[in-house]
Amino acid sequence: MMSDVIHQETMVFFLSVLHGAALTFGYDMLRSLRRVFRHSVAAVSLEDFLFWLTAGFLTFCLAFFRTDGVIRGYVAAGMAIGAVLYHFTLSAWVLYVFSGLLRGGKKIVLRVFRILQKPVQKFCSLLKKIIEFMGKRGYNEAKKKIRGNCYGKRKKAAKQK
């Protein structure tokens with residue numbers, strides 16, 4: 001039977017393999033987004049920065065909670081093995097499937113947008129006309145009150161003289 005220490009280190013090794021595969025899977029999600037939607041260089045840089053910031057934090061959590069913060073060579077090796085195994089087995093399939101799903105979702109959203117575009121434009125133009133009408137009406141009423149007050153004051157002043 002294995003000692004508890006060996007059992008614990010074996011579990012940490014398998015967790016690190018899973019962790020490496022999960023990080024590569026997350027980056028594949030980012031890659032599939034980039035295949036479907038155009039990104040500027042700045043957006044790609046920001047996405048990569050946020051991804052690696054998150055990956056670093058998650059790797060720190062793995063090391064902190066599983067190895068008490070001690071850096072172990074087998075954890076780094078396990079992460080590399082997990083990333084390489086995922087990349088050469090599932091990565092192409094995952095990219096194909098998620099890119100296809102995103103393209104399909106993009107097409108559906110564009111079709112719904114095209115269908116709703118004319119009614120929304122008509123509603124917005126009607127709303128604009130109502131706002132303009134209410135604004136002019138309010139402006140004209142306020143103008144009448146100001147003129148009425150000024151005219152009434154002049155009339156009273158003229159009568160007093």
Side-chain angles (χ1 to χ4, degrees), residues 11-67 69 71-72 74-153:
M11 291 303 295
V12 170
F13 175 75
F14 286 124
L15 279 174
S16 64
V17 169
L18 185 64
H19 183 75
L23 289 178
T24 310
F25 174 79
Y27 199 74
D28 276 351
M29 296 293 103
L30 207 55
R31 288 174 57 198
S32 63
L33 276 172
R34 291 175 185 167
R35 284 184 175 189
V36 177
F37 302 102
R38 291 184 177 209
H39 288 72
S40 66
V41 173
V44 170
S45 299
L46 180 65
E47 290 169 352
D48 282 345
F49 175 75
L50 293 175
F51 173 79
W52 287 112
L53 189 68
T54 305
F57 176 74
L58 293 175
T59 303
F60 170 78
C61 289
L62 174 73
F64 185 77
F65 291 114
R66 294 296 176 177
T67 64
I71 297 172
R72 306 272 186 190
Y74 64 88
V75 172
M79 289 174 52
I81 289 169
V84 169
L85 283 175
Y86 171 82
H87 180 72
F88 286 112
T89 56
L90 297 174
S91 181
W93 180 80
V94 168
L95 280 173
Y96 176 76
V97 168
F98 279 107
S99 295
L101 289 173
L102 287 172
R103 281 188 191 101
K106 181 180 175 181
K107 286 180 184 178
I108 290 170
V109 168
L110 288 175
R111 283 183 185 159
V112 168
F113 181 74
R114 285 185 193 124
I115 291 170
L116 294 177
Q117 187 176 6
K118 287 187 180 182
V120 168
Q121 283 177 342
K122 287 181 182 180
F123 175 75
C124 288
S125 66
L126 177 67
L127 190 62
K128 183 179 175 183
K129 288 178 184 178
I130 290 171
I131 290 171
E132 286 175 353
F133 175 75
M134 295 302 284
K136 287 179 182 177
R137 183 174 156 206
Y139 173 75
N140 288 336
E141 288 177 5
K143 194 173 166 183
K144 285 180 186 177
K145 285 182 183 178
I146 291 170
R147 282 185 181 170
N149 289 341
C150 290
Y151 183 71
K153 288 180 185 176

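Model, not experiment: these values are computed from the prediction.
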Any idea which heavy atoms bring [X] and [Y] closest together, and the distance?
X     : Y     : answer
Leu23 : Phe51 : O-CZ, 3.3 Å
Thr89 : Leu85 : OG1-O, 2.5 Å
Leu33 : His39 : O-CE1, 3.6 Å
Leu95 : Arg31 : CD1-NH2, 3.1 Å
Thr24 : Ala83 : OG1-CB, 3.2 Å
Thr67 : Val75 : CG2-CG2, 4.2 Å

Does [atom1] belonging to [X] count more than 12 external heavy atoms closer than 6.0 Å?
X     : atom1 : value
Leu53 : CG    : yes
Phe64 : CZ    : no
Tyr96 : OH    : no

Margin query: Please verify the inter-ring angle class for Tyr86 with Phe25; under 30° counts as parallel, over 60° as perpendicular, anything in between as tilted.
Written below: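 Judged by the thresholds at 30° and 60°, the geometry between Tyr86 and Phe25 is perpendicular.
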Rounded to the nearest 0.5 Å, what's the gap from [atom1] on [X] to [atom2] on [Y]? Could you check?
X      : Y     : atom1 : atom2 : value
Tyr74  : Met79 : OH    : CE    : 13.5 Å
Tyr27  : Ser91 : OH    : OG    : 11.5 Å
Arg72  : Phe13 : CZ    : CZ    : 14.5 Å
Leu101 : Ser32 : CG    : OG    : 9.0 Å
Leu18  : Ile81 : CG    : CD1   : 13.5 Å
Ile71  : Phe60 : CD1   : CZ    : 10.0 Å

Handout entry: Test item: Met29 and Val94 side chains (from C-beta on) under 4.5 Å apart, heavy atoms
Key =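 Of all side-chain heavy-atom pairs linking Val94 with Met29, at least one is under 4.5 Å.
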Taking 4.0 angstrom as the limit, do Asp48 and Arg34 come out as a salt bridge? yes
